[in-house]
A.B. asks: 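Before I ask anything, let me first share the structure, which is written out below as structure tokens.
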Protein chains: 2
Amino acid sequence: MPSTDTTETARERILDTAESLFAQRGFDGVTVRQITSAARCNLAAVNYHFGNKKSLYLEVFRSRWVPRAKRLQAHFRANLADQASMRPDAAAVARSLAHTFLAGPMTDEERQRHHQLMSREMGRPTEAFQMVAEDVIRPFFKELAELLRPALPKTVDQEGLSLNLLSILALVLYFNFAREAVTRITGRKYDKAFKDRLVDHIVTFVRNGLGCERMQGEEVT
Amino acid sequence: MPSTDTTETARERILDTAESLFAQRGFDGVTVRQITSAARCNLAAVNYHFGNKKSLYLEVFRSRWVPRAKRLQAHFRANLADQASMRPDAAAVARSLAHTFLAGPMTDEERQRHHQLMSREMGRPTEAFQMVAEDVIRPFFKELAELLRPALPKTVDQEGLSLNLLSILALVLYFNFAREAVTRITGRKYDKAFKDRLVDHIVTFVRNGLGCERMQGEEVT
DNA sequence: GTCTATAGCAGGATAGAC
DNA sequence: GTCTATCCTGCTATAGAC
């Protein structure tokens, strides 16, 4: 649940609640009235601080999504360095990614919010996707590609590399985005045990999917 | 593009255009006015034929999504029977699934519509998901599980089986749902060549992901 | 910066003629 | 079954007091 501390400024409370509501219901599914009343401030506050509803949506990405993505990237790098000191193999990269995105440093709710916002943008890109793609995703994608490149067979071309990375992201996004559906099918809540299970599952799936040999046994964080 | 033939009744035209628009923009992103004007009929027609907007949304699933899903399932079974006459292995199941869902018997636009509707429901289930899950998805899921069960190591439990199936669906849904993002990253349009490439990629990814041995070489349809 | 009040309009839904 | 005309609610956005 977004922080609705009274010590926060109205502007910050609006950003937090707006992010949460946009993630849950999408831009069109949320009204400015719902945002301001959940943020315990006046209806006019959105227009005062952000100009209009759409600019608020963009500002959510700029000031909430992007910094969080950068923190996630930092966590990924630290986690990877813990596992594999020099040349990480594909399995290590996959585990760090899955762990960071599924069970990483943030609260469950924050993580789900993060991935739901991105999933919505992937299904129907807006200006926000443009911005985030240039500034955050593309550089990180390149970084990941360079990490994976030496771990893959030489027969894999640039496009194959991209498809493999997209597939990893597909799994991670899906298991965060479709939580309710996954819960209905498996009967499992997203508690620590299940998230660990999901990370293990994704790592195994991805490691083999990339066509690498199995590893002997890995532990992480 | 939905059929807007004048020979169709207004009711049918509304269902077709509504499905297309709901898939593109979601329930809240579409107005009844947009639907009726794109279907070239009067504003009042939605309420006359369906009662209200929400019932129209449900009827789209009942009379469009469900029958298409059943046709897809039939195509999957036929395709699988072509490949593997008796006991299909995991790779054959994966290939038939990927082919059916990514390059199957329907138009590109129809397939994308189908998966976007479902992706939206997975992210935020409504009554429609409830209905579709009971009547269509769960039985097919069971059918797939029984097909895959004998092809997997005995160490894989029921939950592992479910996770593997969910992962396959994650890949298929993702590459249909996030077409624009995939196109931006890979630079490829969804033409026949790229779809074939995607099917091959998913089959390889999944086959290995399921922890089965490699196969010697498969051809299909 | 924050509020009240309201303009101005688009939304879903309906009544009733044809 | 299909249309026009309209109701009424709820939306975004703004003006202006405090």
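The structure presented is a predicted model; accordingly, all values stated were derived computationally and were not measured. Every chain is numbered from 1 and lettered A, B, ... according to where its sequence line falls, protein lines coming before strand lines.
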A.B. asks: Calculate the interatomic distance between A:Leu21 atom CG and D:dC11 atom P; express it in whole Å.
C.D. replies: 13 Å
A.B. asks: What integer distance in Å separates A:Arg40:CZ from C:dT2:P?
C.D. replies: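 Distance check: A:Arg40 CZ to C:dT2 P gives 12 Å.
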A.B. asks: Examine the side chains of B:Gln24 and B:Ser20 and answer whether a donor and an acceptor come within less than 3.5 Å of each other.
C.D. replies: yes
A.B. asks: Do you know which two heavy atoms are closest between A:Thr183 and A:Arg188, and how far apart they sit?
C.D. replies: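 Minimum heavy-atom contact is OG1-O, 3.0 Å.
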A.B. asks: Do A:His49 and A:Arg11 get their side chains close enough for a donor-acceptor pair, meaning under 3.5 Å?
C.D. replies: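 Judged by distance alone, the side chains do not pair up.
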A.B. asks: CD1 of B:Ile14 versus P of C:dG12: gap in Å, rounded?
C.D. replies: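 The distance from CD1 of B:Ile14 to P of C:dG12 comes to 13 Å, rounded to the nearest Å.
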A.B. asks: Ignoring the backbone of B:Asn42, work out which of D:dT4, D:dC11, C:dT6 is nearest its side chain.
C.D. replies: D:dT4
A.B. asks: Whole Å only: how far is the OH atom of B:Tyr57 from the C1' atom of C:dG12?
C.D. replies: 18 Å
A.B. asks: Measure from the side-chain heavy atoms of A:Ala44 and tell me the nearest of C:dT6, C:dG11, C:dC3.
C.D. replies: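 The answer is C:dC3.
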A.B. asks: Find the distance A:Leu43:CG to D:dA15:P and express it as a whole number of Å.
C.D. replies: 14 Å
A.B. asks: Using side-chain heavy atoms (C-beta onward) and a distance below 4.5 Å, is A:Lys195 in contact with A:Asp108?
C.D. replies: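 Result yes, sub-4.5 Å side-chain heavy-atom pair found.
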A.B. asks: Which heavy atom of A:Val66 sits nearest to which heavy atom of A:Val136, and what is that distance?
C.D. replies: CG1-CG2, 3.7 Å
A.B. asks: Among D:dC3, C:dT4, D:dC11, which is the nearest nucleotide to the side chain of B:Cys41?
C.D. replies: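 It is D:dC3.
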A.B. asks: Whole angstroms only, please: what is the CD-P distance between A:Glu12 and C:dG1?
C.D. replies: 11 Å
A.B. asks: Rounded to the Å, how far apart are B:Glu8 CD and D:dT2 C1'?
C.D. replies: 17 Å
A.B. asks: Would you tell me whether A:Asn164 and A:Ser167 have side-chain atoms, one donor and one acceptor, within less than 3.5 Å of each other?
C.D. replies: no
A.B. asks: Measure from the side chain of B:Ala10, starting at C-beta and using heavy atoms only, and say which of C:dT6, C:dG12, D:dT2 lies closest.
C.D. replies: D:dT2
A.B. asks: Could you check how far CG of B:Asp28 sits from P of C:dA10, rounded to whole Å?
C.D. replies: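 Taking CG of B:Asp28 and P of C:dA10, I get 18 Å after rounding.
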A.B. asks: Of the residues in residues 45-56 of chain A, which ones touch DNA chain C at a heavy-atom distance under 4.0 Å?
C.D. replies: A:Tyr48, A:His49
A.B. asks: Could you tell me whether the side chains of A:Arg149 and A:Gln158 share a donor-acceptor contact shorter than 3.5 Å?
C.D. replies: yes
A.B. asks: Have a look at B:Arg11 and say if it touches a base, only the backbone sugar-phosphate, or nothing, with a 4.0 Å heavy-atom cut-off.
C.D. replies: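 Contact class for B:Arg11: none.
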